[in-house]
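To find a chain, count down the sequence lines: A is the first, B the second, and so on, and within it residues start at 1.
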Protein chains: 2
Amino acid sequence: MARTATTFDTFNAVAEPKRRKVLEMLSEGELPVNDIVTRLGWPQPVVSKHLGVLKEVGLVSMRKNGRQRVYRLEGEQLKPIHDWAKSFEKSWSERLDRLDEYLQELQKEESDDDSK
Amino acid sequence: MARTATTFDTFNAVAEPKRRKVLEMLSEGELPVNDIVTRLGWPQPVVSKHLGVLKEVGLVSMRKNGRQRVYRLEGEQLKPIHDWAKSFEKSWSERLDRLDEYLQELQKEESDDDSK
DNA sequence: ACATTATATTCCAATATCGGAATATGTCAA
DNA sequence: TTGACATATTCCGATATTGGAATATAATGT
């Protein structure tokens, strides 16, 4: 068996750097394909293919406007990734917690000084 | 050119469902390989290989203990993913914002009723 | 009907993947 | 040293990927 298909889920779709770039670009508003092509400077088929993958997993939607196809970000689809990563938050915030405690202790000492 | 290497970055490493499973398991505490093997029921080489990828990108670290190798989660490495996804938060919270407004409006109407 | 514009699709080569089987390496114990 | 245990590595087959080139499709204007 080979690697999990790219179109299988959001995690795979987003693993490709170029696709993340496209999503970032679309986060500022919907865009027709050609705008993405000119802004990013990639060959048009490359852009279309990546948009195809993103559409397949629901990360973008498409609307026809004349002969243009306007793509729009569907950001809710990124929430599962956010939530999954966030579920590990504890493991990177522990250090900050300790820093917090330290700072609180400093403050306490300061107010002790004040009360003198 | 083929797909971006799995060992290239965290996003790719985490795109594989089995590797996410391993990370979730390690989030409860460090474990030697064999514990992971028996808990997940996967062939030992499969587990070792996935651990290898995770170690390569720094998502886990390893410590020798006798003939065992104990793996530990390095959760800070997931923060970039969290932050990236969070940067799109606006696009999925807008609906909720609107829902909030709606609910607040409902409440206001209710208290108007109360005041009658 | 035809040319033009905008985009998608197909075919291809090079490459990287994942899992399985077998085997190698490393560590301890007797 | 020999054996048992824990884990990593190598080799392999089947498959999916990405980008490029060429081409197909679709919509518009003349």
Before giving the answer on salt bridge (Lys or Arg N to Asp or Glu O under 4.0 Å), spell out for B:Glu89 and B:Lys86 the whole-Å C-alpha distance, their side-chain angles and the decisive distance to 0.1 Å.
-> CA-CA 5 Å; B:Glu89 194 171 26; B:Lys86 193 178 170 59; 3.0 Å; yes
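- If you measure from atom CG of A:Asn12 to atom P of C:dA16, you get 18 Å, rounded to the nearest angstrom.
- D:dT9 atom P lies 11 Å from atom CG of B:Leu51, rounded to whole Å.
- Taking atom CD of B:Glu16 as the reference point, atom P of C:dA16 lies 18 Å away to the nearest angstrom.
- Rounded to whole Å, atom P of D:dG19 lies 12 Å from atom CG of A:Leu40.
- B:Lys21 has its NZ atom 18 Å from the C1' atom of C:dC18, to the nearest Å.
- Put simply, CH2 on B:Trp42 is 16 Å from P on D:dT7, counting in whole angstrom units.
- Going from atom CZ of B:Arg20 over to atom P of C:dC18 covers 12 Å, rounded to whole Å.
- A donor-acceptor contact under 3.5 Å is formed by the side chain of B:Gln44 with the base of D:dA8.
- Within residues 59-71 of chain A, the residues that place at least one heavy atom under 4.0 Å from DNA chain C are, in residue-number order, A:Arg67, A:Gln68, A:Arg69, A:Tyr71.
- Between the CG atom of A:Leu54 and the P atom of D:dT17 there is a distance of 13 Å, given to the nearest Å.
- A donor-acceptor pair under 3.5 Å links the side-chain atoms of A:Ser27 to the main chain of A:Glu24, judged by distance alone.
- Just one of A:Val46, A:Leu40, A:Val47 meets the side chain to side chain contact (heavy atoms under 4.5 Å, CB included) condition when paired with A:Pro43; it is A:Val46.
- Backbone-only contact: B:Pro43 has heavy atoms under 4.0 Å from sugar-phosphate atoms and none from a base.
- Linking ILVMFWY side-chain heavy atoms closer than 4.5 Å, directly or via other members, places B:Val70 and B:Leu59 in two distinct hydrophobic clusters.
- B:Arg69 CZ to B:Glu30 CD: the interatomic distance, rounded to the nearest 0.5 Å, is 15.0 Å.
- Closest to the side chain of A:Lys49, from the set D:dA8, D:dG20, C:dG19, is D:dG20.
- Note: B:Asp9 CG to A:Glu16 CD = 9.5 Å, rounded to the nearest 0.5 Å.
- Among A:Arg19, A:Lys55, A:Arg20, A:Lys21, the one residue that satisfies the side chain to side chain donor-acceptor pair (under 3.5 Å) test with A:His50 is A:Arg19.
- With sequence neighbours excluded, no residue forms a salt bridge (charged side-chain N to carboxylate O under 4.0 Å, His left out) with A:Asp35.
- Contacts between residues 28-38 of chain A and DNA chain C, defined by a heavy-atom separation below 4.0 Å, involve A:Pro32, A:Val33, A:Asn34, listed by number.
- Side chains of A:His82 and B:His82 form a contact here, defined as non-hydrogen atoms less than 4.5 Å apart.
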